[in-house]
Amino acid sequence: MHPPSEPVAALTAHAVRVSFGDTTALDGVGLVVARGRLTVIVGANGAGKSTLLEVLAGAREPSSGRVETHGSSRSFVPQRAAVGEHLPLTVRDVVTIGAWGRTGPFRRLRPADRTAIDDALRRLDIVDLARRPFGILSGGQRQRALLAQGLARGADVLLLDEPTTGLDAASAKLNRTAVAREIERGATVVCVSHDQRLIAAADHVVELTDGRVVRSGVEGVSFERERAR
Ligand SMILES: Nc1ncnc2c1ncn2[C@@H]1O[C@H](COP(=O)(O)OP(=O)(O)OP(=O)(O)O)[C@@H](O)[C@H]1O
C-alpha cells in the first residue's frame, strides 16, 4: 500500500511546454499521473487539455520538457480519430488494430488477443456492429468503436480525449463503465472531460488555464465542491 501523498507514478510530466508558432498551448506543466487511478483533466476550451493528453500519450513531442513513462505502455484514444474513415475497415478490424499494440502490426492473433477483441466489442455493446464498415457508423458508434480499440490494446495507461462527449445517456454510461472496469483491472486512466460524473469519480482532477495547471486535487468530489463555492 502506498499512502495517497506518495502515489506510484505511471507517467510524470516535467516542465512540459508546447508552442504552436506564437501560441503557447502548454506553459511548463508538471504532473504526476498516479498508477491505477483515474485522472481527469478539466478546463475551458483552448486551455491546453488535448495537447497535454497528446504529450502524455507520446503522440506529440513537447517543445521543451519531457514525459517519463516509468516503463508504462500507453493507449491513446483521440477525440476525433481519422482511423479508417475512408478505408474498407470493419468495426472488428478497427478494434483489431488495438490488439496489434499487443502483438505487433499485422501479426497473427493469439487466442488471448481474440478474447481481448471480443471482450472490448462486448463491453462497448458493439458486437452487432462488428461486421459493419467503420466509415458508415454514426458519431457515437464510432466513439465506442475507438474506445473498444483502446481497450483491446490492454495497455498500462489508457488516455481518452472526451470519451463521453456527444453521446446519448446510455452510450456515455457504457463508456464510463468501461473506464471504471479499466481502473478495476489495475490500469491507469487519464481523461480529458467535461462530464460531471467522470469528474466526480476521479481520484485526481487537474485543471488547466492558459496552458498552466491552476488546480490539482486528489478528490474529484471535494474539488468540484471547492469550485462551486
Ligand atoms: N495543431 C495546432 N496548431 C496550432 N495551434 C494549436 C494546435 N493545436 C492546438 N492549438 C492551440 O493550442 C491551444 C490549446 O489547444 P487544445 O486543443 O490543447 O485545448 P483544449 O483545452 O483541448 O480545448 P477544447 O476544450 O476546445 O478541446 C489553443 O489555443 C489551440 O488553438
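Just follow the structure's listing: the first ligand is 1, and inside any ligand the first atom is 1.
- Criterion: ILVMFWY side-chain heavy atoms under 4.5 Å apart, direct or through other members. Under it, Leu121 and Leu174 are not part of a common hydrophobic cluster.
- A salt bridge is absent between Arg114 and Asp118; no separation between the charged side-chain nitrogens and carboxylate oxygens falls under 4.0 Å.
- Closest to atom 23 (O) of ligand 1 among all protein heavy atoms lies Gly46 N, 2.8 Å.
- Side-chain polar atoms of Ser50 and Asp161 form a donor-acceptor pair below 3.5 angstrom.
- A donor and an acceptor atom, one from each side chain of Ser171 and Arg144, are located under 3.5 Å apart.
- Between Gly21 and ligand 1 there is no heavy-atom distance shorter than 4.0 Å.
- Counting only heavy atoms of the protein, atom 18 (O) of ligand 1 lies nearest to Thr51 OG1, 2.5 Å.
- A donor-acceptor pair shorter than 3.5 Å can be found between the side chains of Thr12 and His70.
- The protein heavy atom nearest to atom 6 (C) of ligand 1 is Phe20 CD1, 3.3 Å.
- The protein non-hydrogen atom at the shortest distance from atom 27 (O) of ligand 1 is Ser50 OG, 4.0 Å.
- Put simply, no part of Gly43 is less than 4.0 Å from ligand 1, judged by heavy atoms.
- For the pair Thr23 and ligand 1, the shortest N or O to N or O distance does not fall below 3.5 Å.
- Here the protein heavy atom with the shortest distance to atom 19 (O) of ligand 1 is Gly48 N, 3.3 Å.
- Between Ala25 and ligand 1, no pair of N/O atoms sits closer than 3.5 Å.
- Among protein heavy atoms, the minimum distance from atom 26 (O) of ligand 1 is reached at Asn45 ND2, 3.2 Å.
- Residue pairs meeting the side chain to side chain donor-acceptor pair (under 3.5 Å) criterion with at least one partner in residues 20-34, sequence neighbours excluded, are Arg17-Asp27, Asp27-Arg212.
- Note on Leu167 and Val94: separate hydrophobic clusters, where clusters join Ile, Leu, Val, Met, Phe, Trp and Tyr whose side-chain heavy atoms are under 4.5 Å apart, directly or indirectly.
- On a distance-only criterion, Lys49 and ligand 1 share at least one N/O pair closer than 3.5 Å.
- Distance check for atom 31 (O) of ligand 1: every protein heavy atom is found at 4.0 Å or beyond.
- Between Thr188 atom OG1 and Leu11 atom CG the span is 7.5 Å, to the nearest 0.5 Å.
- Within a 4.0 Å radius of atom 4 (C) of ligand 1, the protein has at least one heavy atom.
- By the rule that hydrophobic residues join a cluster once side-chain heavy atoms approach within less than 4.5 Å of another member, Leu26 and Phe76 end up as members of one cluster.
- Residue Ala44 has at least one heavy-atom neighbour below 4.0 Å for each of these atoms of ligand 1: 21 (O).
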